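Both ligands and their constituent atoms are indexed starting at 1 by order of listing. Since we're looking at a predicted model, the values are computed, not measured. Computation of the quantities below employed the complete heavy-atom set of this structure, encompassing side-chain atoms and omitting hydrogens, waters and symmetry-equivalent molecules.
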Amino acid sequence: MLIKDVFKGIKCPNCGDYHDATLKKCPHCNKDNELYQIRRVPKRVVFLHPFAQIGMFLVGFAYGGMFIAELLTVLFTPSDAFADKVLRSTTLMTIVYVSMFVALLAIALFSGRRKMFLGKFTSGIDYLYGIGYAITVVVVSMLVGAVISIFHESAQNANQANVELSALNYPLLSMATLCLIGPICEEFTYRVGLYSFLRRFNKYFAFVITVIIFAMIHFDFTAENIVNELWSLPSYVVAGFVLTLAYEHRGPACSMTAHVIYNSIAFAMVLIAR
Ligand SMILES: [Zn+2]
C-alpha cells in the first residue's frame with residue numbers, strides 16, 4: 001500500500017468519501033471495498049486507525065523504556081538492602097504493566113473500531129491455535145538453545161536473572177505480571193500496534209522489523225556480560241518470529257494465548273529449577 005493511501009485513505013467509487021483501504025466496506029455508504037480482495041487484506045489482523053496503531057506502539061515502547069530506566073535505578077541504588085530492591089523492582093514492574101495495559105486497552109477500545117477489535121476475540125479456534133503456537137515456540141527455542149549450547153556454555157541472561165529474582169520472592173505478583181499482563185501488553189504493542197501498521201505496506205517488511213525490535217527490547221545493553229546477552233538473542237528472534245506468525249495467521253487472540261502460555265511455561269521452569 002502507498003503511504004498516501006495509508007494516511008489519506010482510498011476514495012470510494014460509490015460515494016466519493018475517503019476511507020481506510022483495510023476496511024471491507026465503505027463506512028459511509030456500505031459499498032464493498034474492491035481493493036480488500038485485490039490486496040488480500042489479512043482477515044485476522046487488527047487494523048485500527050493508522051494513528052491508533054502508531055500510538056499503541058509508542059505507548060508500549062515508552063512504558064517499556066520507562067520500566068527499564070526505573071529498574072536500573074532501583075538495582076543500582078547503593079543504600080538499599082537486597083530484599084528492598086527485589087520488593088521495589090517487583091512493585092514497579094506490576095505498576096508499570098498494569099497501567100500500560102489500561103492505556104493500551106483504552107486505545108483499542110476508544111479509537112473508533114471497537115466492534116472490529118472485539119470481534120477478533122470471539123472465535124474459540126483462535127485460542128486452540130494459540131496453544132499449538134505456544135508448543136511450537138517452546139520446542140523451537142529449546143532446539144535453538146541446544147544448538148547454541150554446543151558453541152557457548154549457557155549462562156543466564158540479564159532478563160532471565162531479573163525474572164528469577166522476582167519469581168522466587170513474590171511468586172503470585174510476578175506470575176500475574178509476567179505470565180498474563182506482560183505478554184498481553186507486548187502483543188498489543190508489537191503485534192496489534194507495530195506489526196499491523198507496517199503490514200499495511202508489506203508483509204515481509206513488517207515481519208523483519210517486528211522480529212528485530214521484539215528481540216532488541218529483550219536485550220540488555222547495560223549487562224556486564226554482553227557476549228552472553230548476544231548468545232540469547234537467537235531464542236528471542238525465534239519467539240518473536242513464531243508469535244508474529246501466530247498473529248498473522250489467527251489474530252490477537254491466538255498470539256496472546258501463545259505468548260501467555262509460553263511465558264507461563266518459562267516461569268514454571270524457573271521455579272522448578274530451584
Ligand atoms: Zn462509500
Side-chain angles (χ1 to χ4, degrees), residues 1-62 100-130 133 184-211 213-214 243-258:
M1 205 183 294
L2 302 168
I3 291 178
K4 139 177 113 51
D5 291 351
V6 170
F7 289 104
K8 195 182 177 194
I10 52 165
K11 194 175 182 180
C12 171
N14 190 41
C15 69
D17 260 324
Y18 283 85
H19 68 79
D20 191 334
T22 63
L23 296 175
K24 206 170 179 178
K25 288 173 187 297
C26 168
H28 304 100
C29 69
N30 216 30
K31 185 182 164 55
D32 284 341
N33 168 18
E34 286 163 10
L35 287 175
Y36 188 84
Q37 293 300 338
I38 296 168
R39 285 176 174 166
R40 295 158 73 191
V41 175
K43 292 182 175 48
R44 306 304 299 158
V45 169
V46 176
F47 285 107
L48 297 171
H49 189 282
F51 289 129
Q53 295 179 314
I54 297 173
M56 200 170 246
F57 169 63
L58 292 178
V59 164
F61 203 66
M100 184 192 330
F101 177 73
V102 171
L104 291 170
L105 192 65
I107 296 177
L109 294 179
F110 300 106
S111 60
R113 295 183 190 173
R114 185 186 307 177
K115 211 175 138 190
M116 177 276 297
F117 172 73
L118 293 175
K120 306 286 185 193
F121 292 88
T122 51
S123 162
I125 195 141
D126 294 340
Y127 298 90
L128 280 179
Y129 269 105
Y133 277 108
I184 291 176
C185 287
E186 285 188 357
E187 288 309 307
F188 270 132
T189 307
Y190 301 102
R191 249 65 68 178
V192 182
L194 179 67
Y195 178 79
S196 311
F197 176 70
L198 299 175
R199 182 68 180 81
R200 291 166 176 275
F201 302 98
N202 180 283
K203 179 158 100 179
Y204 302 101
F205 170 67
F207 244 97
V208 170
I209 301 292
T210 306
V211 171
I213 293 189
F214 185 77
L243 290 170
T244 310
L245 204 63
Y247 179 70
E248 168 77 23
H249 181 207
R250 300 298 310 186
C254 177
S255 69
M256 283 176 186
T257 305

Pairs of donor and acceptor atoms involving the side chains of residues 100-114, under 3.5 Å and at least two apart or interchain, shall be tabulated with distances.
| unit_1 | atom_1 | unit_2 | atom_2 | d |
| --- | --- | --- | --- | --- |
| S111 | OG | I107 | O | 2.8 |
| R113 | NH1 | D20 | OD2 | 2.9 |
| R113 | NH1 | F47 | O | 2.8 |
| R113 | NH1 | L48 | O | 3.3 |
| R113 | NH2 | D20 | OD2 | 3.0 |
| R114 | NE | L109 | O | 3.0 |

- Message: Is it the case that the side chains of S196 and R191 hold a donor-acceptor pair, with the cut-off being a distance below 3.5 Å and no angle test?
- Response: no
- Message: Does Y127 have more than 12 heavy atoms from other residues, nucleotides or ligands lying within 6.0 Å of its OH?
- Response: yes
- Could I get the full list of side-chain contact (heavy atoms from CB on, under 4.5 Å) partners for K203, not counting sequence neighbours? Y195, R199, F207, E248
- Determine how many protein N/O/S atoms sit closer than 2.8 Å to the Zn ion (ligand 1), leaving waters out since they are not shown. 4
- Closest approach of V192 and Y247, non-hydrogen atoms and distance? CA-OH, 3.6 Å
- Task: With sequence neighbours left out, write down each residue that passes side-chain hydrogen bond (donor to acceptor under 3.5 Å, both in side chains) with H249, or none if nothing qualifies.
- Result: Y133
